[in-house]
Chemist: 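I have a structure I would like to understand better, so I am pasting it below and will then ask my questions one at a time.
Excluded from the calculations below are hydrogen atoms, water molecules and symmetry mates; all remaining heavy atoms, backbone and side chain alike, are included. A note on names: the letters A, B, ... follow the listed sequences, proteins ahead of strands, and every chain is numbered from 1.
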Protein chains: 2
Amino acid sequence: MAQRVNVKSVTVKDEPTARAQRRRQTEERILSSARRAFAQRGFERATIRAIAAEAEVDPALVIQYFGSKQELFQRSVQLGSVPPLSGDVDELVEAVLARIGMKIGSLPQATLAMMRSMLTHPEAADQARATLDGQVVELGSAIEAEDADLRAALMVSTMLGVTIAHQLLDLTALRGASPQKIAELLRPGLRAVAGVDPQ
Amino acid sequence: MAQRVNVKSVTVKDEPTARAQRRRQTEERILSSARRAFAQRGFERATIRAIAAEAEVDPALVIQYFGSKQELFQRSVQLGSVPPLSGDVDELVEAVLARIGMKIGSLPQATLAMMRSMLTHPEAADQARATLDGQVVELGSAIEAEDADLRAALMVSTMLGVTIAHQLLDLTALRGASPQKIAELLRPGLRAVAGVDPQ
DNA sequence: CCATTCGCTCAACACTTGTTGACTCAACGA
DNA sequence: TCGTTGAGTCAACAAGTGTTGAGCGAATGG
């Protein structure tokens with residue numbers, strides 16, 4: 001149970017002191033609980049008390065570490081950098097589909113927290129809008145057809161809708177569906193919206 | 001300002017008494033404020049006090065009339081019957097598109113309230129899931145291709161995504177877009193998902 | 001005309017929320 | 001070894017929430 005810890009930091013460099021180590025551990029534990037809570041209850045229903053309880057920590061500590069519930073939320077939804085899409089339209093569509101095929105069902109809690117809260121929490125809405133707008137621009141600049149941005153926005157909206165229906169609403173018809181199957185059925189439609197022959 | 005009212009109910013039948021009339025008026029006024037509040041803040045952030053204030057009424061009256069915030073919400077999201085879809089696949093796709101073409105931008109507050117709350121309010125989620133599941137079945141039973149229900153679910157999800165992105169998130173690229181244009185761009189994609197040649 | 005109904009308000013309750021400041025005590029560094 | 005730092009707790013506060021019960025006064029109807 002008790003984990004042995006170097007007392008004097010014998011090794012050469014920046015061996016983190018036991019205290020700092022412990023601090024980062026609890027901080028990470030809190031963040032993890034927070035992400036889970038925000039992801040499945042949304043910003044308003046997730047309470048600091050519940051988060052603290054799951055992290056086995058006093059509520060006051062959460063505030064002491066993160067400043068406020070809002071700041072905790074911001075830290076919670078910060079996601080590891082998403083590699084930017086690139087290539088021609090065909091490749092982009094495939095990339096988007098692959099993202100669904102692989103990642104749906106295993107989306108990071110940060111993303112789910114974000115999506116869960118974006119309709120009711122104004123700051124989450126702003127951030128979501130910014131993120132989605134960004135993807136629209138990325139996609140749009142590769143589309144040659146007229147109304148590139150509008151088409152891109154519709155593609156993004158489609159993926160958004162499928163993700164919400166599947167991950168957050170748990171639509172019955174999507175419950176058992178395999179991500180690959182979904183991607184496969186979506187492909188012709190997405191290609192059509194992107195303005196290339198559906199093939 | 002003062003509207004003349006029959007004192008003795010001279011006319012033959014069921015002339016509503018002034019009191020009852022007044023009551024239904026305030027009840028409707030409260031419902032209207034509630035719908036607006038739920039639609040733009042969501043269930044948790046919409047407060048009874050704010051609703052009552054906008055309806056120029058005491059908060060207690062809201063509870064007295066509707067029982068609880070939850071019951072008020074249920075009454076608020078009850079929407080006038082949606083005509084069930086019917087016909088073959090082509091007609092169904094057109095009907096769905098027409099619904100976007102006409103109604104996006106002028107969706108009833110009840111629907112918006114529902115959608116706004118469905119990710120964070122469990123009861124709203126249940127009701128939304130039920131409604132969407134219903135539409136999936138309607139659509140699915142008309143699709144001849146394999147995976148009819150899955151295809152139907154993807155169509156419904158697409159419409160859901162577009163509506164959310166347009167009405168609730170206010171995506172920049174969708175901001176100015178005309179509903180007809182959106183429907184037009186969506187058509188080939190939807191037809192593809194429905195399993196008919198995109199044409 | 002008068003007793004009763006009933007729309008409506010007022011003030012308060014009970015509870016939950018985020019947040020704060022004083023405090024404890026083990027780890028730390030010299 | 002000893003003073004200091006800092007992780008973590010405890011109890012409490014202030015604000016806001018939904019909800020309740022007593023009460024007022026006008027409409028009602030006999």
Chemist: Under 3.5 Å, sequence neighbours excluded: what are the donor-acceptor pairs made by side chains of residues 49-59 of chain A?
Modeler:
unit_1: E54(A); atom_1: OE2; unit_2: R36(A); atom_2: NE; d: 2.8
unit_1: E54(A); atom_1: OE2; unit_2: R36(A); atom_2: NH2; d: 2.5
unit_1: D58(A); atom_1: OD1; unit_2: A60(A); atom_2: N; d: 2.8

Chemist: Please list, for nucleotides 1-4 of chain D, all pairs of protein and nucleotide N/O atoms separated by less than 3.5 Å.
Modeler:
none

Chemist: If I take atom CD in residue Q21(B) and atom C1' in nucleotide dC8(C), what distance separates them, rounded to the nearest angstrom?
Modeler: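 These atoms are roughly 18 Å apart.
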Chemist: Rounded to whole Å, how long is the line connecting atom CD of E27(B) with atom C1' of dC8(C)?
Modeler: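 To the nearest whole Å, that distance equals 14 Å.
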Chemist: Write down the atom of V162(A), the atom of L174(A), and the distance for their closest heavy-atom approach.
Modeler: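 For V162(A) and L174(A), the tightest heavy-atom pair comes out as O-CD1, 4.4 Å.
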Chemist: Using whole Å, report how far CG of L61(A) lies from P of dG21(C).
Modeler: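 Computing the L61(A):CG to dG21(C):P distance gives 16 Å.
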Chemist: The criterion is side-chain contact (heavy atoms from CB on, under 4.5 Å); which residues satisfy it with E138(B), sequence neighbours excluded?
Modeler: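 E138(B): side-chain contact (heavy atoms from CB on, under 4.5 Å) contacts with P84(B), L85(B).
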Chemist: Could you tell me the separation between the CZ atom of R24(A) and the C1' atom of dG6(D), rounded to a whole number of Å?
Modeler: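 So the CZ-C1' distance, R24(A) to dG6(D), works out to 16 Å.
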Chemist: Once you round to the nearest 0.5 Å, how far does CD1 of I143(A) lie from CG of L150(A)?
Modeler: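 These two atoms lie 9.5 Å from each other.
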Chemist: Figure out the OH/P separation between Y65(A) and dT20(C), and round it to whole Å.
Modeler: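 Answer to the nearest Å: 16 Å.
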Chemist: Just grab all the ring pair (Phe, Tyr, Trp, His ring centres under 6.0 Å) pairs involving residues 119-167 of chain A, residues at least two apart or on different chains.
Modeler: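 Every ring pair (Phe, Tyr, Trp, His ring centres under 6.0 Å) pair that includes a residue of residues 119-167 of chain A, provided the two are not neighbours, is F43(A)-H121(A), F73(A)-H121(A).
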Chemist: Scan residues 132-153 of chain A for pairs that pass ring pair (Phe, Tyr, Trp, His ring centres under 6.0 Å), counting only residues two or more places apart or in two chains.
Modeler: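 Counting only pairs at least two positions apart or across chains, no ring pair (Phe, Tyr, Trp, His ring centres under 6.0 Å) contact touches residues 132-153 of chain A.
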Chemist: dC28(C) P sits how many Å from R22(A) CZ, rounded?
Modeler: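 Whole-Å distance recorded here is 11 Å.
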Chemist: Testing R35(B), R75(B), R23(B) one by one against E28(B) for a salt bridge (Lys or Arg N to Asp or Glu O under 4.0 Å), which residue passes?
Modeler: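 Single pass found, and it is R35(B).
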Chemist: CG of L31(B) to OG1 of T26(B): how many Å apart, nearest 0.5 Å?
Modeler: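 Rounded to the nearest 0.5 Å, the CG-OG1 separation comes to 10.5 Å.
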Chemist: Between E94(B) and R187(B), is the closest basic N to carboxylate O distance under 4.0 Å?
Modeler: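 Counted as a salt bridge, because a side-chain N and a carboxylate O are separated by less than 4.0 Å.
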Chemist: Detail all sub-3.5 Å separations between protein N/O atoms and N/O atoms belonging to nucleotides 13-20 of chain D.
Modeler:
unit_1: dG18(D); atom_1: OP1; unit_2: I48(B); atom_2: N; d: 3.3
unit_1: dG18(D); atom_1: OP1; unit_2: K69(B); atom_2: NZ; d: 3.2
unit_1: dG18(D); atom_1: OP2; unit_2: I48(B); atom_2: N; d: 3.2
unit_1: dG18(D); atom_1: N7; unit_2: R49(B); atom_2: NH1; d: 2.8
unit_1: dG18(D); atom_1: O6; unit_2: R49(B); atom_2: NH2; d: 3.3
unit_1: dT19(D); atom_1: OP2; unit_2: K69(B); atom_2: N; d: 2.7

Chemist: Please give, in whole Å, the distance from dC8(C) C1' to I30(B) CD1?
Modeler: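 Computing the I30(B):CD1 to dC8(C):C1' distance gives 10 Å.
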Chemist: Can you tell me if the side-chain N/O atoms of T26(B) get under 4.0 Å from OP1 or OP2 in dG7(C)?
Modeler: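 No, because none of the side-chain N or O atoms of T26(B) sits under 4.0 Å from OP1 or OP2 of dG7(C).
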Chemist: Please state how far atom CD in E28(B) lies from atom P in dG7(C), giving the value in whole angstrom units.
Modeler: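 Answer to the nearest Å: 16 Å.
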